[in-house]
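Structure record follows, encoded as structure tokens.
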Amino acid sequence: MNKLFYLILTTITLFSCQSAKHLSNKDDIEKYQTELAESYTNPDTTPLVDEERTNFHGITFFPINDKYTVKAKFTPIKDGKVIPFPTSAKKIKHYKEYGTVDFVIDGQSQQLTVYQSSPIMEKYKESLFLPFMDETNGVTSYGGGRYLDLSTKDLGKKSTEIILDFNKVYNPYCAYSKHYNCPIPPANNVLDIEINAGVSYHK
């Protein structure tokens, strides 16, 4: 009986470890980060004007870390409110509440709200927006917060869970250019932990 119990326990442990590893794909993350960095230096895709490119030192990243790829519980928000987001240019952009994501990092439970642009353009009807701030802002990451792009396609079959890969978070264009109008993450999307993943920031 003890041997059988040990075998079952070992199998469960191995399966759990494998499942956790499958949440994160290092090759995919590296590809994403490389393409993001190159998009700023490529004259055809850069959001920077000539004078900004002269002083641009490149995109930097935190080391890829599996613990920042997490499985989150997704809860849709029925009849979500349209929220006015103040922006870096002191204007207003509107986003509709789409759902909440609950997850755990370093044993601490966290919750963020996911949004969808309002009004929704047909071209971007599957796009979801997760702006947030954390304890790294203004220290090792951009002070104005960072973003994570999601999609309705990322939701599981029952739409009750979603994978959040913070290794793919990025800075708004405003971190590098004064010519953009970037939404500032709302107070309910401020985390009390450090997310040492994704794009970092050094002036």
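Heavy atoms only: backbone and side chains are in, while hydrogens, waters and symmetry mates are out. If you read the sequence from its start, that first residue is 1, and numbering goes on from there. Quantities reported herein were computed from a predicted structural model and do not represent experimental measurements.
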Fill in: Contact list for residues 53-65, test salt bridge (Lys or Arg N to Asp or Glu O under 4.0 Å), sequence neighbours left out
Asp50-Arg53
Practice prompt. Output all residues satisfying side-chain hydrogen bond (donor to acceptor under 3.5 Å, both in side chains) with Tyr170, sequence neighbours left out; order by chain, then residue number.
Written response: Asp149
Worksheet entry | Partner set under side-chain hydrogen bond (donor to acceptor under 3.5 Å, both in side chains) for Glu122, not counting sequence neighbours | Lys125
Worksheet item: Judged by atom type as modelled, is there a donor-acceptor pair below 3.5 Å linking the side chain of Arg146 to the main-chain atoms of Val199?
Response: yes
Fill in: Donor-acceptor contact below 3.5 Å, side chain Ser141 vs main chain Asn137
yes
Practice prompt. From the options Asn25, Asp66, Ile29, select the one residue that forms a side chain to side chain contact (heavy atoms under 4.5 Å, CB included) with Asn167.
Written response: Ile29
Worksheet entry | Pairs touching residues 72-89 that satisfy side chain to side chain donor-acceptor pair (under 3.5 Å), sequence neighbours left out | Thr87-Asn181
Worksheet item: Under the side chain to side chain donor-acceptor pair (under 3.5 Å) rule, what pairs show up with a residue in residues 31-48, not counting sequence neighbours?
Response: Lys31-Glu35
Worksheet item: If every non-hydrogen atom of Glu52 is compared with every non-hydrogen atom of Pro47, which pair is closest and at what distance?
Response: OE1-O, 4.5 Å
Worksheet item: Of the non-hydrogen atoms in Ile92 and Pro84, which two are nearest, and what is the gap between them?
Response: CG2-CB, 3.7 Å
Worksheet, complete the sentence: So disulfide (SG to SG under 2.5 Å) across residues 96-132, not counting sequence neighbours, yields none
Worksheet item: If you look only at pairs with a residue in residues 158-190, which of them pass as a disulfide (SG to SG under 2.5 Å), with sequence neighbours excluded?
Response: Cys174-Cys182
In Å and rounded to the nearest 0.5 Å, what is the [atom1] to [atom2] distance from [X] to [Y]?
X: Glu51; Y: Ser177; atom1: CD; atom2: OG; result: 8.5 Å
X: Phe61; Y: Tyr201; atom1: CZ; atom2: OH; result: 14.5 Å
X: Tyr180; Y: Leu48; atom1: OH; atom2: CG; result: 7.0 Å

Can you get from [X] to [Y] by hopping between Ile, Leu, Val, Met, Phe, Trp and Tyr side chains that sit under 4.5 Å apart?
X: Val114; Y: Ile120; value: no
X: Leu128; Y: Val169; value: yes
X: Met133; Y: Leu130; value: no

Is the closest side-chain heavy-atom distance between [X] and [Y] below 4.5 Å?
X: Ile163; Y: Thr69; value: yes
X: Lys96; Y: Ile83; value: no
X: Phe85; Y: Ile184; value: no
X: Leu164; Y: Leu150; value: yes
X: Tyr176; Y: Asn171; value: yes

Item to complete: Establish, from distance only, whether the side-chain atoms of Thr140 and Ser200 form a donor-acceptor pair under 3.5 Å.
Response: no
Item to complete: Name the orientation class of the two ring planes belonging to Phe166 and Phe132 (parallel below 30°, tilted from 30 to 60°, perpendicular beyond 60°).
Response: perpendicular
Worksheet item: Looking at residues at least two apart in the chain, or sitting in another chain, which of them share a salt bridge (Lys or Arg N to Asp or Glu O under 4.0 Å) with Glu126?
Response: Lys153
Fill in: Any residue meeting salt bridge (Lys or Arg N to Asp or Glu O under 4.0 Å) with Lys168, in chain and number order, not counting sequence neighbours
Asp28
Using residues 185-198 as the side-chain source, report each donor-acceptor pair under 3.5 Å to any protein atom, sequence neighbours left out, with the distance given to one decimal.
residue	atom	partner	partner atom	Å
Asn188	ND2	Thr113	OG1	3.2
Asn188	ND2	Tyr115	OH	3.1
Asn189	OD1	Thr113	N	2.8
Asn189	ND2	Thr113	O	2.9
Asn189	ND2	Pro131	O	2.7
Asp192	OD1	Gln110	NE2	3.3
Glu194	OE1	Asn196	ND2	3.1

Worksheet item: Under the ring-ring contact (aromatic ring centres under 6.0 Å, His included) test, which residues partner Phe129, sequence neighbours left out?
Response: Tyr95, Tyr147
Could you list the donor-acceptor pairs under 3.5 angstrom formed by side chains in residues 99-107, with sequence neighbours left out?
residue	atom	partner	partner atom	Å
Asp102	OD1	Gln111	NE2	3.3
Asp102	OD2	Gln111	NE2	2.9
Asp106	OD1	Lys67	NZ	3.0
Asp106	OD2	Lys67	NZ	3.0

